[in-house]
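Here it is: the structure, laid out below.
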Amino acid sequence: MIKITLPDGSVRDYQKGTTAMQIAQSISEGLARNVLAAKVNNETWDASRPINSDSTLSLLTWNDELGKETLWHSSAHLMAEALEALYPGVKFWVGPPLENGFYYDVDLNGHTLSPADFEKIEQKMLELARQNNVYVRKEISKQDAIAYFKDKGDEYKLDLLERLEDGNITLYTQGNFTDLCRGPHIPNTGFIKAAKILNVAGAYWKGDEKNKMLTRVYGITFPKDKELKEYLVLLEEAKKRDHRKLGKELELFTFSERVGMGLPLWLPKGAALRERLINFMQKSQLKAGYLQVATPHIGHKALYVTSGHYEKYGKDSFQPIKTPQDGEEFLLKPMNCPHHCEIYKSSPRSYKDLPLRLAEFGTVYRYEQHGELHGLTRVRGFTQDDAHLFCRPDQVKEEFIKVIDLVLHVFNALDFKDYTAQISLRDKEDRSKYIGSEENWEKAENAIIEAAKEKGLKTVTEYGEAAFYGPKLDFMVKDALGRQWQLGTIQVDYNLPERFELEYMGSDNQKHRPVMIHRAPFGSLERFIAVLIEHCGGKFPLWLTPDQFAVLPISEKYNEYAQNVLETLSGMELRGFVDDRNEKIGKKIRDQELKKIPFMLIVGEKEEAEQKVSARVHGKGDIGEFSLTDFASHVNKLIENDFNQKLNQ
RNA sequence: GCCGAAGUAGCUCAGCUGGUAGAGCAGCUGAUUUGUAAUCAGCUGGUCGGGGGUUCGAGUCCCUUCUUCGGCUCCA
């Protein structure tokens, strides 16, 4: 007999070799019907795998992340089986589960796949699923595994096998499909009741652009058809929040082929929103002891040779601009730090001057590959809320922590709760990608790790994500469709001060080298606004929104009063406009609702007589009559409360 | 840059197997003077992304190029 400890702490005795599924059955039939996999001593196992020793056990269902993961992983196998049935000769690389669904990388062996084929694949998957085929686990010797895939002619699996240790190799078979796989899997294909192929895309084999491109087929499955329908509705809703769509609808920004791809043009409403964000940041920075500087859009090539950027990115940047007569080379600035280093150098610095915090909303230009451009989130010209802090080595941690506070202040003010703090360190394998001494990197990486720890940030650590001159703490936020983007970034840098030979006079009357911290809470204003738009679905916070109100006269007879209302409210620092089109009030309301204007102020005979407005809230409806001063204080109070509430969290 | 898909009026889209472009909204003009999510009528508007080709004839077929979309690679 073995002792099985369940999550509630209870201990039960079972026969040696009992499976999680049998244990589930012993608890309740209903539970057994929903068990997808099991966690045995903290390892995820097949529910059908015999347990041979005392263990802790939790049963995984669709409600567990790991349960979902297992179902989707098994679904990838099911899709592979369907693909193999439909397209003979396809070869398989890997097919992992994702946060939402799964994919499989396949070599279609000359076949092509397009959205028109999706339904066929879905149908095949469901047909196979209905066969309730069991996922059979089989431990196999490396030799036999190699023989199997050699016979099948699947060189990708052979490549995978090369790196696996003998004695640790398992195959899973369901129906007619056998895959090299660590598992675990759901008990049988019958758990998969709904399937949707989402899209296909190319993906380099092993993620290396020198390799062949495989076809990545994305899909998602559910244990109930209803859940698939709900998911598809959710996807549609998410698409409505896409900043590219809303940016057009709300007249925030546009692009022009003639101006050039990836070069956003800010329309008046978008520019106003941008300005407001800049003001907000400037105020926050002023309080935090920053000094505003301004530098030009180009810099001499020598500047970037010094910084190391030229060597690292010279080929992949916009190429130098030459002066007509002496052929001097200038680069569009891809970042502000070299300019700021020169500002630092413009005068001798004392230890008493530090930290020196130089801030600039600097517009920078980077050559992004054609296929990379994406709305406002990936562009070729963008504005950073950049600043560089020059400090003494003993100030690094404190300064770093202050910057974290500033970033969190900004995220809080804009209600960004769902972010990931990512510590981006060097590639463990390849150090050739970075400049600077081992010692400096050690110091910089430790500074970040310690500061993040001290602030109690929940972090994930990614190796190979550091900048070439230093490690970073990046704040990642997801867009409407779940794609993750880097917004805020903080970087500790011991290298640029060395390259620019930055110095300060210490209390010991000796020259010392300062440490630099690069930081940008928004990161890029363009990207930040993109994520902000998706985050609030175009319904911006009142303090930020381009137009806070629209005055809607009932008929043209009240246009003049409407103008007076606008002027009065504008005088009270509120923003809005008059909709004096020759339209009925219902039409005006509808249009301004669609434009997501927070307040609609309806004025007619009664309002004019009483010198009032009838206010209506976006998405809610009529909230009654206000005098103009009452309305202004109502709005200001809402803004104030909103801020206090958020910033006190 | 790579793989795949798409590009028709300012916007959203229709246009079957090739027979000389169509709707709604927006815009303009007029009527209406309106009370809480679309007043009515008329009009304007497109070298169907660009270039080349096949054909008697191309939005539709072929080639090429640009842009956009979904990913991959990259991201100072």
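Here is how names work: the chains are called A, B, and so on, in the same order as the sequence lines, proteins then strands, and each is numbered from 1. These numbers were taken from a predicted model, which means no experiment stands behind them.
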Between A:Gly207 and A:Glu257, whichever has its closest RNA chain B nucleotide further toward 5' is A:Glu257
**Q.** Side-chain donor/acceptor of A:Arg527 to base of B:rC75, under 3.5 Å
**A.** no
Rounded to whole Å, the OH-C1' distance (A:Tyr103 to B:rG71) equals 11 Å
note: A:Gln369, atom CD; B:rA76, atom C1'; distance rounded to Å ~ 15 Å
Between the protein and nucleotides 27-35 of chain B, are there any N/O to N/O pairs under 3.5 Å, and if so, what are the atom names and distances?
{"from": "B:rU32", "atom 1": "N3", "to": "A:Asn582", "atom 2": "OD1", "distance (Å)": "3.3"}
{"from": "B:rU32", "atom 1": "N3", "to": "A:Asn582", "atom 2": "ND2", "distance (Å)": "3.1"}
{"from": "B:rU32", "atom 1": "O4", "to": "A:Asn582", "atom 2": "ND2", "distance (Å)": "2.2"}
{"from": "B:rU33", "atom 1": "O2", "to": "A:Ser555", "atom 2": "OG", "distance (Å)": "3.4"}
{"from": "B:rU33", "atom 1": "O2", "to": "A:Glu556", "atom 2": "N", "distance (Å)": "3.1"}
{"from": "B:rU33", "atom 1": "N3", "to": "A:Glu556", "atom 2": "OE1", "distance (Å)": "3.3"}
{"from": "B:rU33", "atom 1": "O4", "to": "A:Glu556", "atom 2": "OE1", "distance (Å)": "2.9"}
{"from": "B:rU34", "atom 1": "OP2", "to": "A:Lys557", "atom 2": "NZ", "distance (Å)": "3.4"}
{"from": "B:rU34", "atom 1": "O4", "to": "A:Asn582", "atom 2": "OD1", "distance (Å)": "2.4"}
{"from": "B:rG35", "atom 1": "O6", "to": "A:Glu605", "atom 2": "N", "distance (Å)": "2.9"}
{"from": "B:rG35", "atom 1": "O6", "to": "A:Lys606", "atom 2": "N", "distance (Å)": "3.3"}
{"from": "B:rG35", "atom 1": "N1", "to": "A:Glu607", "atom 2": "OE1", "distance (Å)": "2.8"}
{"from": "B:rG35", "atom 1": "N1", "to": "A:Glu607", "atom 2": "OE2", "distance (Å)": "3.4"}
{"from": "B:rG35", "atom 1": "N2", "to": "A:Glu607", "atom 2": "OE1", "distance (Å)": "3.4"}
{"from": "B:rG35", "atom 1": "N2", "to": "A:Glu607", "atom 2": "OE2", "distance (Å)": "2.4"}

To the nearest angstrom, the CE-P distance between A:Met261 and B:rC69 comes to 11 Å
* Is A:Lys595 paired with A:Glu249 through a side-chain N to carboxylate O contact shorter than 4.0 Å? -> no
Below 3.5 Å is the cut-off: list the nitrogen or oxygen pairs between protein and nucleotides 42-51 of chain B, distance only.
none

Requested in this report: Please state whether the base of B:rC69 and the side chain of A:Arg244 form at least one donor-acceptor pair under 3.5 Å?
Outcome: no
Within residues 90-99 of chain A, the residues having a heavy atom closer than 4.0 Å to RNA chain B are none
Those residues at least two apart in sequence (or on a different chain) that pass salt bridge (Lys or Arg N to Asp or Glu O under 4.0 Å) with A:Asp105 are A:Arg216
Residue pair A:Arg216/A:Ala467 against RNA chain B: nearer the 5' end by closest nucleotide is A:Arg216
- Whether A:Phe468 stacks on the six-membered ring of B:rA76 base, 5.5 Å and 30° limits: no
Between protein and nucleotides 23-25 of chain B, what N or O pairs are separated by less than 3.5 Å?
none

Whole-Å distance, A:Arg590 CZ to B:rU39 C1', equals 14 Å
Sorted by number, residues from residues 302-311 of chain A placing a heavy atom under 4.0 Å from RNA chain B are A:His309
Residue set satisfying side chain to side chain donor-acceptor pair (under 3.5 Å) with A:Ser307, at least two apart, ordered chain then number -> A:His309
| said: With heavy-atom distances below 4.5 Å as the criterion, would you say the side chains of A:Thr377 and A:Phe528 are in contact? | reply: no
Under 3.5 Å, N/O pairs linking protein and nucleotides 2-5 of chain B:
{"from": "B:rC2", "atom 1": "O4'", "to": "A:Tyr204", "atom 2": "OH", "distance (Å)": "3.2"}
{"from": "B:rC3", "atom 1": "O2", "to": "A:Gly202", "atom 2": "N", "distance (Å)": "3.1"}

Contacts satisfying salt bridge (Lys or Arg N to Asp or Glu O under 4.0 Å) that involve residues 514-532 of chain A (not counting sequence neighbours) are A:Arg274-A:Glu526
Hits for side chain to side chain donor-acceptor pair (under 3.5 Å) against A:Glu329, two or more places apart or cross-chain, chain-then-number order -> A:Lys301
Contacts satisfying salt bridge (Lys or Arg N to Asp or Glu O under 4.0 Å) that involve residues 330-345 of chain A (not counting sequence neighbours) are A:Lys333-A:Glu360
Residues 607-617 of chain A vs salt bridge (Lys or Arg N to Asp or Glu O under 4.0 Å), sequence neighbours excluded, gives A:Glu593-A:Arg616
Paired with A:Trp93, the side-chain contact (heavy atoms from CB on, under 4.5 Å) test is passed by just one of A:Val106, A:Asp107, A:Leu160, A:Thr215, namely A:Leu160
Determine the contact category for A:Lys210: base if any of its heavy atoms lies under 4.0 Å from a base atom, sugar-phosphate if only primed atoms, P, OP1 or OP2 are that close, otherwise nothing. nothing
